[in-house]
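Note sheet for the following structure.
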Amino acid sequence: MKRDYAVIGLGRFGGSICKELSSEGMQVLAIDSDEDKINEFKNIASHAVIADSTDEATLKELGIKNIDHVIVAIGDNIQASILTTVVLTDLGIKTITVKAQNDYHEKILNRIGANQVVHPERDMGKRIARNVISNNILDYLELSDDHSIVEVKVGRKMGGKTLAELDIRAEYGCNVVAIKREQDINVSPAADEILKNDDILIVIGADNDISRFEKHLVIER
């Protein structure tokens, strides 16, 4: 069974990524060695299994080779994190994102094949999850429990259209507060502003509204 993402390690960071990806409709394989964690996520992730992620044969049996993006969010066990990354690299996983404990850990991860290394803070899970869903979602900052500001890159769905044509405020309840174009920043852009591919929009709104905006205009599949 093909799954879009796998999250290995369901602590605070990995768990928040798993929840966010799942809430966005992604197929997520959740892996942890702790049965209690798996029980917690069995109704959240598409599939949740107890497994030793350092065992190559086990990961093969789980079909990990069919997954394009694996997030290694193992907690304090640096050895397990490194060994898991080595196994995933050997299996040819296209994209591997790994949580690092410190700068030395990061150096090792970069050398053994991690595509992206993150040093997560308490509430970084949502930010990282949105980044892995789409390369067009560049940054994500929570302003409150239910409002955020997001930076998104203009792609084929918005390029060549004006803000008035897209009518983002009326359609999605979000406000475009600025457009970044190369070195220039246009604050409070006019409605007749024509968007160019690779422009960066700074958008503010309620989380539910931002999610709808991203799904319809930002994420490209």
Side-chain angles (χ1 to χ4, degrees), residues 4-5 7 12-28 44 68-69 71 73 94-95 97-100 106 114-221:
D4 294 320
Y5 300 96
V7 178
R12 184 175 62 196
F13 173 66
S16 64
I17 287 184
C18 183
K19 289 175 182 177
E20 185 66 19
L21 288 172
S22 298
S23 71
E24 292 293 329
M26 303 297 132
Q27 293 291 304
V28 183
I44 297 172
D68 288 332
H69 196 144
I71 298 102
K94 293 180 181 178
T95 306
T97 297
V98 191
K99 170 187 174 182
E106 178 179 10
N115 301 99
Q116 181 181 19
V117 179
V118 295
H119 294 264
E121 309 227 342
R122 181 181 180 90
D123 297 314
M124 281 287 286
K126 181 177 289 188
R127 187 176 180 180
I128 300 297
R130 291 186 179 272
N131 181 257
V132 302
I133 288 172
S134 172
N135 291 332
N136 286 348
I137 302 174
L138 304 179
D139 207 351
Y140 191 92
L141 176 66
E142 290 183 342
L143 300 177
S144 67
D145 288 343
D146 53 7
H147 283 78
S148 301
I149 188 166
V150 62
E151 286 190 5
V152 301
K153 184 167 67 174
V154 172
R156 59 180 175 81
K157 293 182 180 180
M158 293 187 284
K161 298 180 180 179
T162 66
L163 291 175
E165 288 176 311
L166 294 171
D167 208 5
I168 293 171
R169 179 184 295 177
E171 291 292 328
Y172 306 104
C174 304
N175 289 295
V176 177
V177 297
I179 299 174
K180 295 165 68 174
R181 181 173 295 158
E182 296 179 349
Q183 303 303 315
D184 298 325
I185 299 180
N186 181 0
V187 179
S188 298
D192 60 357
E193 182 73 32
I194 298 174
L195 301 180
K196 297 181 179 180
N197 285 351
D198 296 332
D199 281 353
I200 296 172
L201 304 186
I202 300 175
V203 181
I204 191 170
D207 289 343
N208 289 338
D209 293 333
I210 288 176
S211 180
R212 289 191 302 112
F213 162 67
E214 289 172 345
K215 285 177 181 177
H216 287 91
L217 292 181
V218 180
I219 297 173
E220 298 180 352
R221 296 191 180 91

Say you draw a straight line from OG of S188 to CD1 of I179; how long is it, rounded to the nearest 0.5 Å? 10.5 Å
So do L217 and E171 actually touch side chain to side chain, heavy atoms under 4.5 Å? no
The side chain to side chain donor-acceptor pair (under 3.5 Å) partner of H69 among T95, N115, T97 is T97
Take L195 and L163 through the test side chain to side chain contact (heavy atoms under 4.5 Å, CB included) and record every step on the way to the result. CA-CA 7 Å; L195 301 180; L163 291 175; 4.1 Å; yes
If you define the side chain from C-beta out and look only at heavy atoms, does anything of Y172 sit under 4.5 Å from V203? no
Just so I know, are the side chains of L166 and V176 near enough to count as touching, which here means a heavy-atom distance under 4.5 Å? no
From CA spacing to verdict: side chain to side chain contact (heavy atoms under 4.5 Å, CB included), K153, D198: CA-CA 5 Å; K153 184 167 67 174; D198 296 332; 3.5 Å; yes
Any non-hydrogen side-chain atom of V118 less than 4.5 Å from a side-chain atom of F13? yes
Check: I219 main-chain N/O paired with K157 side-chain donor or acceptor under 3.5 Å: yes
Taking side-chain contact (heavy atoms from CB on, under 4.5 Å) as the definition, give me every residue that meets it alongside D146, ordered by chain and number, with sequence neighbours left out. S144
If I take atom CD1 from residue I149 and atom CD1 from residue I210, how far apart are they, to the nearest 0.5 angstrom? 8.0 Å
Just do the side chain to side chain contact (heavy atoms under 4.5 Å, CB included) check on I202 and K180 with the steps written out, would you? CA-CA 8 Å; I202 300 175; K180 295 165 68 174; 3.8 Å; yes
Looking at A100 and V117, what are the two nearest heavy atoms and their distance? CB-CG1, 3.4 Å
Could you measure the distance from the CG atom of L201 to the CG atom of N175? Nearest 0.5 Å is fine. 12.5 Å
Do you know the tightest heavy-atom contact between G14 and A73? CA-CB, 3.5 Å
From the list I168, D167, T162, side chain to side chain contact (heavy atoms under 4.5 Å, CB included) with E165 holds only for T162
I'd like to know whether CZ of R169 has more than 12 heavy-atom contacts from other residues, nucleotides or ligands below 6.0 angstrom. no
Once you round to the nearest 0.5 Å, how far does CG of D4 lie from CD of E24? 12.5 Å
So does N208 get a backbone contact from the side chain of S211, meaning a donor-acceptor N/O pair under 3.5 Å? no
So, for V154 and G159, which heavy atoms are closest and what is the spacing to 0.1 Å? CG1-N, 3.5 Å
Side chains of S148 and D207 only: does a donor on one sit below 3.5 Å from an acceptor on the other? yes
Where S23 and K215 come nearest, the two heavy atoms and their spacing: O-NZ, 4.4 Å
With sequence neighbours excluded, tell me which residues meet side chain to side chain donor-acceptor pair (under 3.5 Å) with R181. E193, D199
